[in-house]
Number of protein chains: 2
Amino acid sequence: MRLTTKGRFAVTAMLDLAMHGADGPVTLAGISERQKISLSYLEQLFGKLRRGNLVESVRGPGGGYHLARDASRVTVAEIVCAVDESLDSTQCGGRENCHENHRCMTHDLWEELNTTVYGFLKGITLAQLVEKQRTKPVSLVRGQPRPHEGQPISA
Amino acid sequence: MRLTTKGRFAVTAMLDLAMHGADGPVTLAGISERQKISLSYLEQLFGKLRRGNLVESVRGPGGGYHLARDASRVTVAEIVCAVDESLDSTQCGGRENCHENHRCMTHDLWEELNTTVYGFLKGITLAQLVEKQRTKPVSLVRGQPRPHEGQPISA
DNA sequence: CAATAGTCGAGTAAAATTGTCGGATATAAA
DNA sequence: TTTATATCCGACAATTTTACTCGACTATTG
């Protein structure tokens, strides 16, 4: 299963974009600062997001990115697929040459897992994440209802 | 998300074990031949499976491995966890220092994904895989009801 | 024209994964 | 007791993937 930090960063960045996109394009420099993701890396990610038709860009001063459609119509699955290319669990990648040229004994299992994971991520939209973020601004789940008090991590 | 060929091989090997375990211990050499997994690699995997209390070993000639309990009480989730150590999706590994020392905006999302994947894999037992294997010996799912005729893919 | 901001491809360093090797231990059978 | 079978174990090597940088370029604004 391919689900790496790249996919996580992409979702985080898209969430930032959705939350700050009210007044004009959002610059990668801004996302970089707020989310602490390197600018160069963001450029790479947004290249893929743009090619995946999830965001649109505006060049030149005052430019930046905005969502290609409403946040309620962008799913997490789309974001992850756009940057990670695939979240396939089978080793053969859909082909069925896993074991001596025919599908291996566990092929179906991994294929069903794919379906499960994809279904889950497809059921969650950016709008839902934004909403969740607005109602519960910061940490809330695991005990500690402390608001902000973050001790800066070393570097 | 960590779900690699190691986990897939482990499930395949366990399935082989379950299917050939009727008459005494099964040797890794046998599994190696049938499933085309290198013996050395199997040794490594079964070390973990044994420490995870999924299999028991019998040393010496005539020895080998057998399941530690009935196949109906061994889940795929257990197997994958035993060899891959974890199939966590969060980058912080449960800790919540993902973003400047507090949980990142998408933390809950990945945690729910974990739950989903784990729940799926936990719902499937070795016995179910064996059964499926016995009723449908070879390929069947995707269209083509052709028995065997596989065009060898390049290499 | 100068500054801003996206675009692109190549390239690199670190980490993870996959897999091997050599030798040790336990046990059964000859 | 010797020999052959098999598991056991740690260290290590090769490969692949991942994460991330860099430099040069294009478009747009003022």
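Bear in mind that the values here come from a model prediction, so they are computed numbers and not experimental data.
Distance from the side chain of Thr27(A) is smallest for dA5(C) among the nucleotides dC20(D), dT26(D), dA5(C). Side-chain atoms of Pro61(B) lie closest to dT5(D) of the nucleotides dT5(D), dC9(D), dT7(C). Out of dT18(C), dC9(D), dA6(D), the shortest distance to the side chain of Thr5(B) is found at dT18(C).
Here dA6(D) presents its P atom at 12 Å from CD of Glu33(B), a figure rounded to the nearest Å. Spacing between atom OH of Tyr41(B) and atom P of dG22(C) amounts to 20 Å, rounded to whole angstrom units. The separation between Leu42(B) atom CG and dT18(C) atom C1' is 13 Å, rounded to whole Å. Atom CZ of Arg51(A) and atom C1' of dG6(C) are 12 Å apart (whole Å). Atom NZ of Lys6(A) and atom C1' of dA15(C) are 15 Å apart (whole Å). The separation between Arg59(B) atom CZ and dA26(C) atom P is 6 Å, rounded to whole Å. Atom CZ in Phe9(B) sits about 9 Å away from atom C1' in dT18(C), given to the nearest Å. The nearest whole Å value for the distance from the OH atom in Tyr65(B) to the P atom in dA26(C) is 15 Å.
Contacts of Ser40(B) with the nucleic acid, taken as non-hydrogen atoms under 4.0 Å apart, include base atoms.
Closest-nucleotide positions on DNA chain D for Gly60(A) and Gln44(A) were compared, and the one nearer the 5' end corresponds to Gln44(A). Mapping Glu43(A) and Ser38(B) onto DNA chain C via the closest heavy atom, the residue that lands nearer the 5' end is Glu43(A).
Contact of the Leu54(B) side chain with the Arg69(B) side chain is registered, since non-hydrogen atoms from C-beta on lie closer than 4.5 Å. Here the side chains of Phe9(B) and Gln35(B) are not in contact, with every heavy-atom distance at 4.5 Å or above.
Nearest heavy atom pair, residue Lys122(B) against residue Thr75(B), reads O-CG2, 3.3 Å. Summarising the geometry of Lys48(B) relative to Ala82(B), their closest heavy-atom pair is CB-O, 3.7 Å, with the distance given to 0.1 Å.
The phosphate of dA5(C) (OP1 or OP2) has no side-chain N or O of Ser57(A) nearer than 4.0 angstrom. Side-chain nitrogen and oxygen atoms of Thr4(A) include at least one within less than 4.0 Å of the OP1 or OP2 phosphate oxygen of dA19(D). A sub-4.0 Å separation between OP1 or OP2 of dA5(C) and a side-chain N or O of Arg50(A) is absent.
Distance alone, capped at 3.5 Å, is enough to place a donor-acceptor pair between the Thr125(A) side chain and the Gln128(A) backbone.
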